[in-house]
Amino acid sequence: MRILLLVILAFIAQSFLSGLLGEVLSPPDLIYLATLIAIGSVSPYAGLPLAFGIGLVQDLLSAGYPGLHAVGLLFAAYAYYRLTRLVHWDELAGKIVVLVGSFLAKWLGYLLIAVWLKMGGFNPLTLWPVMVVEMVLTLLIAPWVIGSYQRVFGVVRRRE
């Protein structure tokens with residue numbers, strides 16, 4: 001139930017920020033952060049399909065290409081699980097490595113789907129300002145979002 005509430009709040013906040021910032025700045029990816037928080041408390045066997053499902057809901061709600069966000073969040077979840085085995089999530093440096101690595105994996109998933117669907121407008125050379133601004137803003141608010149979730153719902157982490 002906590003995961004469902006987290007995802008619904010992330011979708012509402014993401015739509016609010018997207019409307020607020022509009023064409024000026026790319027908003028931070030709150031759905032990505034909510035996905036990382038949600039999969040952090042479950043095993044990879046449940047977390048990977050959960051990330052894919054959240055991305056599919058995001059695709060359906062945004063009227064975009066079905067599978068774009070689903071594969072992006074799936075790649076991010078896979079990178080999260082892999083990187084949390086290499087570095088310690090509870091330390092600041094480890095958290096930065098995991099967040100940056102999984103964020104880049106999310107965009108790699110986007111690019112692979114864009115190439116597969118032959119989306120000509122989805123060019124990394126023209127989208128890099130969007131990626132950089134979104135990553136910086138997401139990394140800036142990530143400690144606050146993750147800390148707020150842990151204060152409200154308690155620390156929920158899976159044991160390795």
Side-chain angles (χ1 to χ4, degrees), residues 1-15 17-18 21 25-59 62 64 67-115 122 124 127-160:
M1 188 63 177
R2 290 185 278 186
I3 292 175
L4 182 63
L5 179 63
L6 170 72
V7 171
I8 289 171
L9 288 175
F11 274 102
I12 291 170
Q14 185 72 43
S15 63
L17 277 178
S18 296
L21 295 177
L25 285 175
S26 178
D29 196 349
L30 298 176
I31 298 169
Y32 156 76
L33 288 176
T35 303
L36 289 188
I37 293 170
I39 67 170
S41 61
V42 296
S43 74
Y45 297 113
L48 293 173
L50 178 65
F52 186 82
I54 292 171
L56 198 56
V57 169
Q58 186 178 5
D59 286 330
S62 66
L68 186 70
H69 290 100
V71 171
L73 288 180
L74 178 68
F75 274 46
Y78 184 77
Y80 170 84
Y81 283 124
R82 184 66 189 125
L83 290 172
T84 53
R85 290 179 167 261
L86 297 175
V87 296
H88 201 271
W89 173 256
D90 294 327
E91 296 176 3
L92 179 62
K95 201 171 280 192
I96 290 171
V97 167
V98 171
L99 287 171
V100 169
S102 62
F103 191 88
L104 293 175
K106 177 187 82 155
W107 274 92
L108 176 65
Y110 289 172
L111 292 174
L112 288 176
I113 290 296
V115 167
F122 207 90
L127 286 178
W128 72 267
V130 174
M131 291 188 307
V132 170
V133 170
E134 182 181 333
M135 184 170 72
V136 168
L137 290 177
T138 303
L139 289 176
L140 286 176
I141 68 161
W144 179 79
V145 169
I146 294 168
S148 297
Y149 179 79
Q150 290 174 344
R151 278 191 299 280
V152 171
F153 293 111
V155 177
V156 180
R157 293 281 301 151
R158 66 182 165 84
R159 301 291 174 226
E160 300 284 337

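Below, all heavy atoms of this structure are taken into account, side chains as well, without hydrogens, waters or symmetry copies.
Atoms OH and CE, on Y32 and M135 in that order, are 9.5 Å from each other to the nearest 0.5 Å. Taking CG of L68 as the reference point, atom CG of L112 lies at 10.5 Å (rounded to 0.5 Å). Atom CD1 of I12 is separated from atom CG of L17 by 12.5 Å, given to the nearest 0.5 angstrom. Between L74 atom CG and H69 atom NE2 the span is 14.0 Å, to the nearest 0.5 Å. Residue R82 holds its CZ atom at 4.5 Å from CG of L86, rounded to the nearest 0.5 Å. Here I54 contributes atom CD1 and F11 contributes atom CZ; the two are 7.0 Å apart, rounded to the nearest 0.5 Å.
Across all their heavy atoms, I3 and S41 have their closest contact at CD1-OG, 4.0 Å. The two residues S26 and V130 make their nearest non-hydrogen contact at OG-CG1, 3.7 Å. Scanning both residues, G67 and I113, for their nearest heavy atoms gives O-CG1, 4.0 Å. Among all heavy-atom pairs drawn from A38 and L50, the shortest one is CB-CD2, 4.0 Å. Considering every non-hydrogen atom in both V87 and G94, the closest pair reads CG2-O, 3.7 Å. Contact record, S102 with L36: OG-CD1, 3.7 Å, taken as the closest heavy-atom pair.
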For this session: Report the C-alpha separation of W89 and Y80 in whole Å, then their side-chain angles, then the decisive distance to 0.1 Å, and conclude whether the ring pair (Phe, Tyr, Trp, His ring centres under 6.0 Å) test is met.
Result: CA-CA 10 Å; W89 173 256; Y80 170 84; 5.6 Å; yes
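Using a distance-only test at 3.5 Å, with no hydrogens or angles considered, no donor-acceptor pair links the side chain of Y78 to the main chain of A105. Checking side-chain atoms of E134 against main-chain N and O of L25 turns up no donor-acceptor pair under 3.5 Å.
Shown are D29, T138, T35; of these, the side chain to side chain donor-acceptor pair (under 3.5 Å) with K106 is made only by D29.
Residues I37 and I146 are in side-chain contact: their nearest non-hydrogen atoms beyond the backbone lie under 4.5 Å apart. When side chains are defined from C-beta on, L33 does not count as touching Y149, because their heavy atoms never get closer than 4.5 Å. In this structure, the side chains of L30 and L9 stay at 4.5 Å or more apart for every pair of heavy atoms.
Annotation: salt bridge (Lys or Arg N to Asp or Glu O under 4.0 Å) contacts involving residues 41-51, sequence neighbours excluded, are absent.
Taking the six-membered ring where the residue is Trp, Y110 and W107 present perpendicular rings, their angle passing 60° and hence far from 30°.
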